[in-house]
There are 2 protein chains.
Amino acid sequence: MDRRQMKTRAAIFDALSTLLKHKKFEDVTVQDIIDEANIGRSTFYSHFETKDSLLEEMCDEMFKHVFSNDLSPEKSHDFSKDEKDISSQLTHVLWHIKDHSGNIKAIMNGESEKMFTGYFKKYLEDAFKEHIRHMPYGVPEDFKEQFIIGSFVETVKWWIANGLKMNPEEVVGNFLKMVIRV
Amino acid sequence: MDRRQMKTRAAIFDALSTLLKHKKFEDVTVQDIIDEANIGRSTFYSHFETKDSLLEEMCDEMFKHVFSNDLSPEKSHDFSKDEKDISSQLTHVLWHIKDHSGNIKAIMNGESEKMFTGYFKKYLEDAFKEHIRHMPYGVPEDFKEQFIIGSFVETVKWWIANGLKMNPEEVVGNFLKMVIRV
DNA sequence: AAAATATCGTACATTGTGTTCGATAAAATG
DNA sequence: CATTTTATCGAACACAATGTACGATATTTT
């Protein structure tokens, strides 16, 4: 990929991130973005079809990071690599979110929250469908999946909206207390 | 209130309901609404400041109905009036939603879904905060409330999105199985 | 019947979108 | 290094939607 393209793409992402800290996504105009990013109008449209497709690609990249299994050494939050149970995996995801909380908080305003939610659920389903399948409840499978994924995403959104005051371990701990038979 | 105002207001609500069945809220223009409602442009703006405030008022009216405790005789779904437990109250709400599913399904597209969710949570909190307070779990109060309300709303949204195939009784039954200690 | 007021409808200013195109600058290629 | 390829610039443009203004008309209230 051409170096210029990469620079422009990064500048656009950065610009949107910055702007989202001051206003809601629906109030950000393409003009705002190209001013903040210092690029030409036609350049923006050669990279993204619309403002929404820009947001989509931003969310996708963000969740690729959040759900990546490779923690960089300094960010490793005391997990031995053989911990593979659902508890530590969920905690792992929440630590990533906390580490990127600046950008994620910005996205969680107005319209763009819906895109966040959509991508979050998609990635969670891929990652945890098997885990969920093994949880025994007396309800239909699709209901169970919907419930676990949905309630977890709602919990995380609540956690973010309230300023990430709890530790990821506490959030996951409380979540599992609500959801697991004791 | 002037009869003309009432007629216009109703015409605007009907128009938006109709339009939402064919396209998403964000794709409906004020022009669409005034054409469908057969009113003048300035008339629309004398009733509502923006398209969004129209949606707000529509949602508010809708949930006033959904959470009203007086079922009309022919719509009463076999509840004796002394049933006051959380199960039958939730079921009651879901029957109302099912009865108004046409309009509610329409609102559950695109942007407007968020407003639905917001109002739904607000009304649920008011109605069930006391019930929830009496449920024993080993987690903080605010976490518990957030979890119960959030997971119920997600469950209802999932139910609606999948075509309301289950009966309200089944939905509430499965929900409580996930949430109540047995 | 008279006064009050809701609606009509047209016109208008404004804002944002997405496209086009020739000129310019920067990168890849050999 | 020279050449080709390609990304960016920037200004102009057509288009669509928003929200406002106002005099004329119709309907309701008193």
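The chains referred to below are lettered A, B, ... by the order of the sequence lines, with proteins before strands, and numbering in each begins at 1.
By the side chain to side chain contact (heavy atoms under 4.5 Å, CB included) test, A:Arg4 is found to be paired with A:Asp2, residues two or more places apart in sequence or in another chain being considered. Annotation: side chain to side chain contact (heavy atoms under 4.5 Å, CB included) contacts of A:Ala11 (sequence neighbours excluded): A:Ala37. A search for side chain to side chain contact (heavy atoms under 4.5 Å, CB included) contacts involving A:Lys105 returns A:Ile160, A:Leu164, not counting sequence neighbours. Not counting sequence neighbours, the partners of B:Phe143 by the ring-ring contact (aromatic ring centres under 6.0 Å, His included) test are A:Trp158. By the side chain to side chain contact (heavy atoms under 4.5 Å, CB included) test, A:His22 is found to be paired with no residue, residues two or more places apart in sequence or in another chain being considered.
Note on the helix from C:dA1-D:dT30 to C:dG30-D:dC1: angle between the axes of the first and last five pairs equals 40°, rounded to 10 degrees.
The CE atom of A:Met135 lies 3.5 Å from the CD1 atom of A:Ile86; values are rounded to the nearest 0.5 Å. Note: B:Trp159 CH2 to B:Glu170 CD = 10.0 Å, rounded to the nearest 0.5 Å. Here the CD1-CD1 distance, from A:Ile39 to A:Ile33, works out to 8.5 Å after rounding to the nearest 0.5 Å.
Using a 4.0 Å cut-off on heavy atoms, none of the residues of residues 13-21 of chain B approach DNA chain D. Shown for residues 40-55 of chain B: residues whose heavy atoms fall under 4.0 angstrom of DNA chain D, namely B:Arg41, B:Ser42, B:Tyr45, B:Thr50. Across residues 24-37 of chain A, A:Thr29, A:Val30 each have a non-hydrogen atom less than 4.0 Å from an atom of DNA chain C (numbered order).
Under a 4.0 Å N-O distance rule, the pair A:Lys64/A:Glu61 does not qualify as a salt bridge. Salt-bridge annotation for B:Glu57 and B:Arg9: present, with a side-chain N of the basic residue lying under 4.0 Å from a carboxylate O of the acidic one.
For B:Lys51 (side chain) and B:Val30 (main-chain N/O), no donor-acceptor pair under 3.5 Å exists by modelled atom type.
Nucleotides of DNA chain D nearest to B:Lys7 and A:Asp2 differ in position, and the one nearer the 5' end is that of A:Asp2.
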What donor-acceptor contacts under 3.5 angstrom involve side-chain atoms of residues 118-129 of chain B, with partners at least two apart or in another chain?
unit_1   : atom_1 : unit_2   : atom_2 : d
B:Lys121 : NZ     : A:Glu154 : OE1    : 2.7
B:Tyr123 : OH     : B:Asp60  : OD1    : 3.0

If you restrict it to nitrogen or oxygen atoms, what contacts under 3.5 Å exist between nucleotides 23-26 of chain C and the protein, and what is each distance?
unit_1 : atom_1 : unit_2 : atom_2 : d
C:dA26 : N3     : A:Arg4 : NH1    : 3.2

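Spacing between atom CD of B:Gln5 and atom C1' of C:dT7 amounts to 11 Å, rounded to whole angstrom units. Atom CZ of A:Arg9 is separated from atom P of D:dA7 by 14 Å (rounded to the nearest Å).
Contact annotation: A:Thr8 side-chain N/O to D:dT8 OP1/OP2 distance is under 4.0 Å.
For residues 21-35 of chain A, the pairs satisfying salt bridge (charged side-chain N to carboxylate O under 4.0 Å, His left out) are A:Lys23-A:Asp32, with sequence neighbours left out.
B:Ser17 and B:Asp14 are not linked by any side-chain donor-acceptor pair at a separation below 3.5 angstrom, with hydrogens and angles left out of the test. With 3.5 Å as the limit, one finds no donor-acceptor pair spanning the side chains of B:His96 and B:His100.
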